[in-house]
Amino acid sequence: MRNGEIAAALDELGTLYELDGAVRYRVLAYREAARVIRSHPVSVEELARQGKLTELPGVGDTIEAKVLALVDEGSLPQAEKLKQKFPPTLIEATRIPGLGAKTVRRFYDELGIADLEGLEAAARQGKLSDLKGFGEKAEKNLLAEIERLGDEGPTVRVLLSDALEAAEELAEALRELPEADRVEIAGSARRLAETCKDVDLIATASDPSALAEALQSHPLVAQAGRGGDAAARAVTHTGLAIDLRISPPEAYGNLLQHFTGSAEHNVQLRERALAAGLSVSELGIANLTEEGKRSDDAELFATEEEVYEKLGMAYVEPELREGRGELEAARKGKLPKLVREEDMRGDLHCHTTLSDGHDTIDEMAAAARERGYEYLALTDHSASHGFGNHVTDEMLEARIEEVRAWNKGKRGFRLLAGSEVNILPDGSLDYPDELLAELGWVIASVHTAFRISEKKMTERVITAIENPLVDCIGHLTGRLILRREPYDIDVEAVAEAAARTGTMLEINGNPNRRDLSEHHVRLAVDAGVRIVANTDAHRVRTLGNMRYGIATARRAWLTKRDVANTRGWREFSKLRKRAKR
DNA sequence: GCCGTTTTCGGCCCGACTGTTTTCAGTCG
């Protein structure tokens with residue numbers, strides 16, 4: 001059973017307990033365990049079978065036993081029992097914004113409402129406002145939410161690249177105003193997460209309303225409203241929600257820290273501060289009174305650095321603020337010095353017009369040099385790609401000659417004649433060995449036959465890893481964020497094989513892929529695998545996707561040293577498998 | 001239900017907003 005399925009079952013059980021009136025913290029415990037399990041890089045089912053699941057933070061004996069029951073029986077007995085008591089459609093109803101378990105439970109108990117249709121009908125007939133504490137306005141709002149849900153479906157997350165495109169344009173427009181002082185992107189976009197639900201902008205300004213008005217009248221914005229004196233909200237034409245908050249300059253650090261999150265990071269930060277007698281919020285850091293209440297002497301900070309310093313910690317880079325041990329490391333001064341995009345010396349995965357790329361060798365090479373690289377591997381697709389633009393053996397031979405000629409007389413930069421070869425279902429590659437041996441760089445990727453068992457897929461990829469001609473595995477799990485699940489593969493076993501053979505694993509920087517994920521990157525590095533950050537660029541512009549590959553590397557706590565292609569050519573070339581032959 | 005350089009029991013972040021209420025509960029981020 002996949003970690004995501006286990007997490008979903010625990011989330012559901014949490015909601016069922018909530019409907020059943022359990023204490024809040026029990027429900028929160030299930031949510032937290034689900035969150036940790038969802039993003040855990042290796043099989044939670046296996047951890048549970050080994051009795052090691054309680055090593056995960058937020059998982060104790062009870063939840064470990066529940067997970068074991070779940071993977072053995074396919075469902076949770078407690079959940080099944082509670083589903084006898086509450087129709088499953090009640091859980092659906094709790095997903096309506098503004099409607100929680102408490103309210104849904106009352107509708108069920110007092111009005112017998114068990115599903116969305118019943119809820120909508122009752123609201124239309126004005127029956128809900130008969131309930132104590134639930135008036136006409138609440139009824140109207142609820143009806144509007146149900147209708148909106150029907151029209152648009154639930155609000156979906158967008159890719160980081162889409163969120164950043166809008167966020168950066170809006171932030172830039174606001175910065176240009178004479179009334180603006182500082183404008184920064186906060187939230188999940190600043191943490192460079194894979195997806196964003198909305199965009200948070202934080203600003204200081206001599207005249208806050210000038211910024212709010214500029215946001216409202218920006219061409220990207222479809223609708224907008226004010227949120228008090230120091231805030232504005234907007235929705236772009238693509239449906240992305242924008243929240244702008246304007247801070248007095250002296251509290252800018254507090255506000256930026258708060259709205260950068262993540263929620264887990266902030267919760268842990270505040271719990272830690274509380275133990276030291278301090279109460280942290282976006283309104284400043286206050287001492288605790290004798291009764292343990294927040295006193296009104298809150299101290300304000302203009303920068304985030306000062307916020308963390310006040311709490312006895314080193315500054316935490318936004319990409320690390322996910323509640324994964326960064327606060328402990330910050331307190332001990334043991335945070336890693338994260339790799340930066342400027343550290344990169346080469347890109348080892350791109351396409352040209354030879355296969356399905358849009359730009360020529362010359363154009364790609366010029367762009368790579370402009371980015372300050374020392375090398376670029378041309379890795380057009382191989383002969384059995386299946387999407388047209390096949391590169392036959394003869395074409396690849398010609399490419400090798402072309403690159404040889406191109407490199408002649410050039411100093412400080414080199415092209416590598418390479419290929420992105422297919423890993424066929426039996427683990428073999430689709431060029432003959434003699435041809436592959438002539439290449440300067442070989443990436444092997446799975447592009448076909450995704451739906452095979454985990455065991456077969458793992459064996460298939462490990463066969464390619466054990467091939468001495470393969471330098472690197474491309475986009476290992478094949479996922480497309482928000483669009484396609486990763487295929488079934490044992491990443492732990494793959495990482496072990498890659499470390500053993502000196503085969504590198506790629507972080508593919510295409511914002512749709514970011515594959516390896518940050519969790520798998522961490523696992524691979526801990527297993528001793530060399531990581532390369534590549535773009536898989538199909539045109540000059542997408543060489544810029546390196547920023548997303550590096551974002552994933554940073555979120556995996558990687559340093560410059562952990563990423564092989566931060567090295568100059570001389571050093572990097574020695575890391576290739578062939579250098580050890 | 002989880003967790004412990006203040007605890008193995010008694011705690012468990014903080015504030016805004018909303019709608020309904022004279023002091024608060026529920027929901028959200």
Side-chain angles (χ1 to χ4, degrees), chain A residues 10-11 13-15 17-37 53-67 78 93-107 128-142 144-145 155 186-188 196-200 225-231 233 241 243 245 251 254-255 257-286 288 292-294 296 298 311-312 323 327-328 331-332:
Chain A
L10 292 176
D11 263 332
L13 182 57
T15 303
Y17 277 143
E18 195 176 16
L19 284 167
D20 201 33
V23 290
R24 204 162 69 91
Y25 297 108
R26 192 167 167 212
V27 177
L28 285 176
Y30 279 92
R31 300 261 151 81
E32 175 64 8
R35 185 186 75 84
V36 168
I37 286 172
L53 198 55
T54 56
E55 288 174 16
L56 297 191
V59 180
D61 293 337
T62 307
I63 290 185
E64 182 178 76
K66 290 230 164 71
V67 170
Q78 297 82 359
T94 62
R95 302 218 172 97
I96 297 171
L99 202 56
K102 294 250 165 65
T103 315
V104 168
R105 174 70 195 268
R106 286 193 60 204
F107 290 163
L128 300 183
S129 50
D130 294 345
L131 258 58
K132 192 168 154 55
F134 205 88
E136 277 175 38
K137 207 159 181 181
E139 194 169 59
K140 234 178 84 195
N141 288 345
L142 177 58
E145 283 296 347
T155 46
S188 53
C196 303
K197 194 166 72 67
D198 52 21
V199 165
D200 291 298
R226 292 297 295 269
D229 292 341
R233 322 188 106 172
D243 271 338
R245 288 183 189 77
N254 301 98
L255 207 70
Q257 195 285 323
H258 174 80
F259 282 104
T260 295
S262 64
E264 292 77 21
H265 176 84
N266 284 351
V267 166
Q268 291 178 14
L269 186 85
R270 288 167 186 178
E271 283 175 347
R272 211 167 254 278
L274 219 48
L278 295 170
S279 168
V280 177
S281 85
E282 66 268 43
L283 306 178
I285 300 179
L288 289 182
K293 294 255 187 287
R294 196 179 150 90
D296 44 18
L311 300 172
L327 294 174
E328 186 66 12
R331 196 180 60 78
K332 292 182 179 161

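All values below were derived from every heavy atom in this structure, side-chain atoms included, with hydrogens, water molecules and symmetry-related copies excluded. Residue numbers begin at 1 in each chain, while the letters A, B, ... track the order of the sequences.
Val59(A) comes within 4.0 angstrom of sugar-phosphate atoms only, judged by non-hydrogen atoms across all strands, and of no base. Among the protein residues, Lys66(A) comes within range of the sugar-phosphate backbone only, with heavy atoms under 4.0 Å from sugar or phosphate atoms but none that close to a base. Backbone-only engagement by Leu274(A) is indicated by non-hydrogen atom pairs under 4.0 Å involving sugar-phosphate atoms exclusively.
Residue-to-nucleotide proximity on DNA chain B shows that, of Ser281(A) and Gly58(A), the 5′-proximal contact is made by Gly58(A). Judged by closest nucleotide on DNA chain B, Thr62(A) is the one of Arg294(A) and Thr62(A) placed further toward the 5' end.
Side chain of Glu145(A) to backbone of Ile96(A): no donor-acceptor contact under 3.5 angstrom is found. Proximity of a side-chain donor or acceptor of Glu32(A) to a complementary backbone N or O of Gly58(A) within less than 3.5 Å is not detected. Without hydrogens or angle criteria, Arg272(A) side chain to Leu311(A) main chain gives no donor-acceptor distance under 3.5 Å.
As rounded to the nearest Å, dT20(B) and dT27(B) have P atoms that lie 14 Å from one another. On the P atoms, dC28(B) is 24 Å away from dT22(B), given to the nearest whole Å. Taking atom P in both dC17(B) and dT7(B), the straight-line distance is 39 Å, to the nearest Å. Straight-line distance between the C1' atoms of dG1(B) and dT5(B): roughly 24 Å, to the nearest whole Å. Annotation: dC12(B) and dT6(B) have their C1' atoms spaced 15 Å apart (nearest Å). Rounded to the nearest Å, the gap between the C1' atom of dT18(B) and that of dT23(B) is 15 Å. Comparing the C1' positions of dG15(B) and dC9(B) gives a spacing of 29 Å, expressed to the nearest Å. dC14(B) sits 23 Å from dG4(B) when the C1' atoms are compared, rounded to a whole Å.
Here Tyr25(A) packs flat against the base of dC12(B); its ring centre is closer than 5.5 angstrom to the base's six-membered ring, tilted by less than 30 degrees.
Glycosidic conformation at dT7(B) (O4'-C1'-N9-C4 for purines, O4'-C1'-N1-C2 for pyrimidines): syn, within 90° of 0.
Salt bridge annotation for Glu136(A)-Lys140(A): absent, with no cationic side-chain nitrogen under 4.0 angstrom from a carboxylate oxygen.
The NZ atom of Lys293(A) sits 11 Å away from the P atom of dC14(B) (whole-angstrom rounding). Atom CG of Asp296(A) and atom C1' of dC14(B) are 16 Å apart (whole Å). Between the CD1 atom of Ile285(A) and the C1' atom of dG15(B) there is a distance of 16 Å, given to the nearest Å.
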Please lay out, stage by stage, how Leu10(A) and Val67(A) fare under the test side chain to side chain contact (heavy atoms under 4.5 Å, CB included).
CA-CA 8 Å; Leu10(A) 292 176; Val67(A) 170; 4.2 Å; yes

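Atom CZ of Arg233(A) sits in a sparse spot, with 12 or fewer heavy atoms from other residues, nucleotides or ligands closer than 6.0 Å.
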Write out a two-atom table: protein N or O, nucleotide N or O from nucleotides 7-9 of chain B, distance below 3.5 Å.
none

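The side chain of Glu271(A) has dC13(B) as its nearest neighbour among dA16(B), dG1(B), dC13(B).
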Readout for nucleotides 18-29 of chain B: B = base within 4.0 Å of protein heavy atom, S = sugar-phosphate only, - = neither; 5' to 3' it is SSS-----SSSS

